[in-house]
Amino acid sequence: MSAAAKQPEPAGAASSTAGSTVIKNARHRPRPLKLSYHLAVSNLPYLLLFPTAAILLHRLSHHTPTSLFSSTHSLLTSNPPFTITTLLALAAVLATVYLARRPRAVYLLDFACYKPTPSHTVTRETFMRQSAAAGVFTGDNLAFQRKILERSGLGQETYFPAAVLNSPPNPCMAEARAEAEAVMFGAIDQVLAKTGVKSRDIGIVVVNCSLFNPTPSLSAMIVNHYKLRGNVASYNLGGMGCSAGLISIDLAKQLLQVHRNTYALVVSMENITLNWYWGNNRSMLMSNCLFRMGGAAVLLTNRGGAARRRAKYQLLHTVRTHHGADDRAYRCVFQEEDATGRVGVALSKDLMAVAGEALKTNITTLGPLVLPMSEQILFLASLVGRKVFGIRGLKPYIPDFKMAFEHFCIHAGGRAVLDTIEKNLELSAWHMEPSRMTLYRWGNTSSSSLWYELAYTEAQGRVRKGNRAWQIAFGSGFKCNSAVWKALRTIDPSKEKVGNPWVEEIHRFPVEVPKVESVVDKAAAELAKEASS
């Protein structure tokens, strides 16, 4: 039986494979009362139209076809030139306004996520062993990293670049370029192979990488490697954090409104080699424990016809919110030197509070665009009750975004981020599964994590024609960005072997992720003991 044909099993069902417990999260289904209310409000226009149509038909039944024809004919022939001219002018005006205001549709042909080779695998024990062997971390901070790692939600098969795994580590510009080329070219080769698009047909290139910005740029590396045409519009976004992937999608969407009949290549990645922190500031050590190697390439187009028929998704909305004017939000993710002059990215204790505020702003903007009328009515009633009538005991109504989306791709920034969003949006384990499994299998791959999550959803055979997926990510600045996609066809997992890193191992997921997973490594413990003495 194919993955697409599998039926969800009860939440308690589980089996053991490859040393991990495979579980089955029951698919979320709305309560019958709420579903009935939603269907009634959604179909209200049709319910109101029915009596109007019945009255109209009743009145028309009193006329014969001959009398109706004669009435219409006399109306048109009473002043033929004026009537025809007026109708043509009105039609021309309406067509012009419609065409001028209608944005060009943007389609996602396909995407690919990079899967490093087994030589890059880093287990929790390998991480601790490399950290201890570096000889720069104090015993207390090695214990701190161990504690973070044990509670991080990361599994035993995440990836590091060679420069960090080497003994001794050798971070340098050459190794950083090698990592960037492996990730970018690996993902791009796969997406071009999947779509059959020729590199010379690409008219727009947008690359985002927050912390590695060499000269020539990463976008220039792509132009050179694939020998793109001379008039390609290329952009390189840096320093924009984990939400930069959706900023790149939004930029590509805006460019596709101007550049006709072309393809846009979006590449999202982060570079670990030169951004591993070698100091003892704990707020900067967090990133060492969470970030891992990865990247994704996405091919968008504004072409119709055959390209539209081959496309997987249509981009419906992008919403960007920025809290950079607030100093607390601006500094909650900040790259700087520590007391010893070593550069790292400090994560503030205010991060979760800032992320919550940014999420609230983003969904306030997104809600009216995507929520069904049934949810908007409940939200408005709650707001009026509290603000207008002053009903103190009335709690603010949290819109049910599960009525607007079938799939959620939430940036796998860490377990705490996912826990907070799951609680605030009242999502089920089934909805959170792609994000939690991405964090477990790949770690925090920064802006590309959203695409590993969508790839997981496809590999599980969950994407059906007409489904809507919500991608939401947070980034330094502080920013919260969203993208909404509509599936144009049902995705068959058996045809996703190229570019989908989950397909060959999806039978192992989802797994139960313990709250704490102990790191057992005698060699690392001995080195930590020596470092503390």
Side-chain angles (χ1 to χ4, degrees), residues 111-116 120 122 152-154 158-161 164 176 179-184 186-187 206-214 218-219 236-251 266-277 284-298 320 332-335 343-347 351 355 358 409-418 421 434-456 471-483 501:
F111 66 97
C113 299
Y114 177 67
K115 185 176 184 178
H120 292 279
V122 53
S152 64
L154 273 66
T158 58
Y159 300 99
F160 267 162
V164 178
E179 179 191 352
E181 291 174 354
V183 173
M184 292 193 304
V206 182
V207 182
N208 66 269
C209 183
S210 191
L211 295 175
F212 180 58
N213 295 285
L218 298 175
S219 59
N236 202 97
L237 307 182
M240 305 194 80
C242 298
S243 69
L246 296 185
I247 296 175
S248 296
I249 293 293
D250 182 65
L251 174 59
V266 175
V267 181
S268 297
M269 60 167 291
E270 194 49 84
N271 191 283
I272 304 296
T273 299
L274 287 181
N275 295 291
W276 184 263
Y277 175 59
M284 297 180 176
L285 283 172
M286 294 284 290
S287 60
N288 284 10
C289 301
L290 298 175
F291 282 88
R292 295 295 185 267
M293 183 181 182
V298 183
R320 294 170 55 181
C332 71
V333 180
F334 207 83
Q335 186 180 30
V343 176
V345 177
L347 304 181
L351 178 59
C409 300
I410 302 161
H411 167 54
R415 173 175 265 165
V417 174
L418 299 181
I421 295 180
S435 300
R436 292 197 185 279
M437 292 304 101
T438 294
L439 181 64
Y440 180 82
R441 177 62 180 85
W442 309 98
N444 182 348
T445 60
S446 191
S447 57
S448 66
S449 68
L450 300 174
W451 299 106
Y452 286 90
E453 293 162 13
L454 188 56
Y456 177 91
Q471 292 180 319
I472 185 164
F474 306 90
S476 58
F478 191 85
K479 299 176 289 292
C480 179
N481 301 317
S482 292

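Owing to the predicted nature of the structure, the values given are computational and were not obtained by experimental measurement. If you read the sequence from its start, that first residue is 1, and numbering goes on from there.
Residue Leu439 holds its CG atom at 6.5 Å from OG of Ser152, rounded to the nearest 0.5 Å. Met293 contributes atom CE, which lies 7.5 Å from atom OG1 of Thr273 (distance to the nearest 0.5 angstrom). Going from atom CG of Leu211 over to atom CE of Met269 covers 10.5 Å, rounded to the nearest 0.5 Å. Rounded to the nearest 0.5 angstrom, Leu290 CG and Thr158 OG1 are separated by 10.5 Å. With rounding to the nearest 0.5 Å, the separation of CE in Met184 from OG in Ser219 is 8.5 Å. The CG atom of Leu347 sits 8.5 Å away from the SG atom of Cys332 when rounded to the nearest 0.5 Å.
The two residues Cys242 and His411 come nearest to each other via the heavy atoms CB-NE2, 3.3 Å. Across all non-hydrogen atoms, the minimal contact from Cys209 to Leu218 is CB-CD1, 3.4 Å. Taking both residues in full, the closest heavy atoms of Asn271 and Leu274 are given as OD1-N, 3.8 Å, listed atom of the first, atom of the second, then distance. Across all non-hydrogen atoms, the minimal contact from Ala112 to Ala187 is CB-O, 3.6 Å. Considering every non-hydrogen atom in both Phe478 and Val333, the closest pair reads CE1-CG2, 4.4 Å. Nearest approach of Gly413 to Asn444, heavy atoms of both residues: O-ND2, 3.3 Å.
Take Phe111 and apply the ring-ring contact (aromatic ring centres under 6.0 Å, His included) test, not counting sequence neighbours, and it matches Trp451. Among residues two or more places apart in sequence or in another chain, the side chain to side chain donor-acceptor pair (under 3.5 Å) test is passed with Asn208 by Ser248, Ser268, Ser447. Residues satisfying the ring-ring contact (aromatic ring centres under 6.0 Å, His included) test with Tyr114, not counting sequence neighbours, are none. Residues passing the ring-ring contact (aromatic ring centres under 6.0 Å, His included) test with Tyr456 are Trp502, sequence neighbours excluded. In this structure Ser476 satisfies the side chain to side chain donor-acceptor pair (under 3.5 Å) test with no other residue, sequence neighbours excluded. Looking at residues two or more places apart in sequence or on another chain, you find no ring-ring contact (aromatic ring centres under 6.0 Å, His included) involving Phe291.
Looking only at distances, a side-chain donor or acceptor of Tyr452 sits under 3.5 Å from a matching main-chain atom of Gly295. For Ser243 (side chain) and Asn481 (main-chain N/O), no donor-acceptor pair under 3.5 Å exists by modelled atom type. Remark: side-chain polar atoms of Glu270 are paired, donor with acceptor, to backbone N or O of Ser210 under 3.5 angstrom. Glu179 places no side-chain N or O within 3.5 Å of a backbone atom of Pro161 that could act as its donor or acceptor partner.
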Determine, step by step, whether Phe474 and Lys479 satisfy the side-chain contact (heavy atoms from CB on, under 4.5 Å) criterion, reporting the C-alpha distance in whole Å, the side-chain angles of both residues, the deciding distance to 0.1 Å, and the verdict.
CA-CA 6 Å; Phe474 306 90; Lys479 299 176 289 292; over 6 Å; no
side-chain contact (heavy atoms from CB on, under 4.5 Å), that's the test. Do Leu154 and Arg292 meet it? Break it down for me.
CA-CA 10 Å; Leu154 273 66; Arg292 295 295 185 267; 3.7 Å; yes
Would Asn275 and Val345 satisfy side-chain contact (heavy atoms from CB on, under 4.5 Å), going step by step from the backbone distance to the final call?
CA-CA 9 Å; Asn275 295 291; Val345 177; over 6 Å; no
I would like to know whether Gln335 and Val343 meet side-chain contact (heavy atoms from CB on, under 4.5 Å); could you show each step before the answer?
CA-CA 7 Å; Gln335 186 180 30; Val343 176; 3.7 Å; yes
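Counting only heavy atoms from C-beta outward, the side chains of Pro434 and Leu454 never approach each other to under 4.5 Å.
Residues Tyr159 and Arg441 bring a donor and an acceptor atom of their side chains to less than 3.5 Å of each other.
Only one option out of Val267, Leu237, Ile247, Asp250 pairs with Val206 in a side-chain contact (heavy atoms from CB on, under 4.5 Å); it is Leu237.
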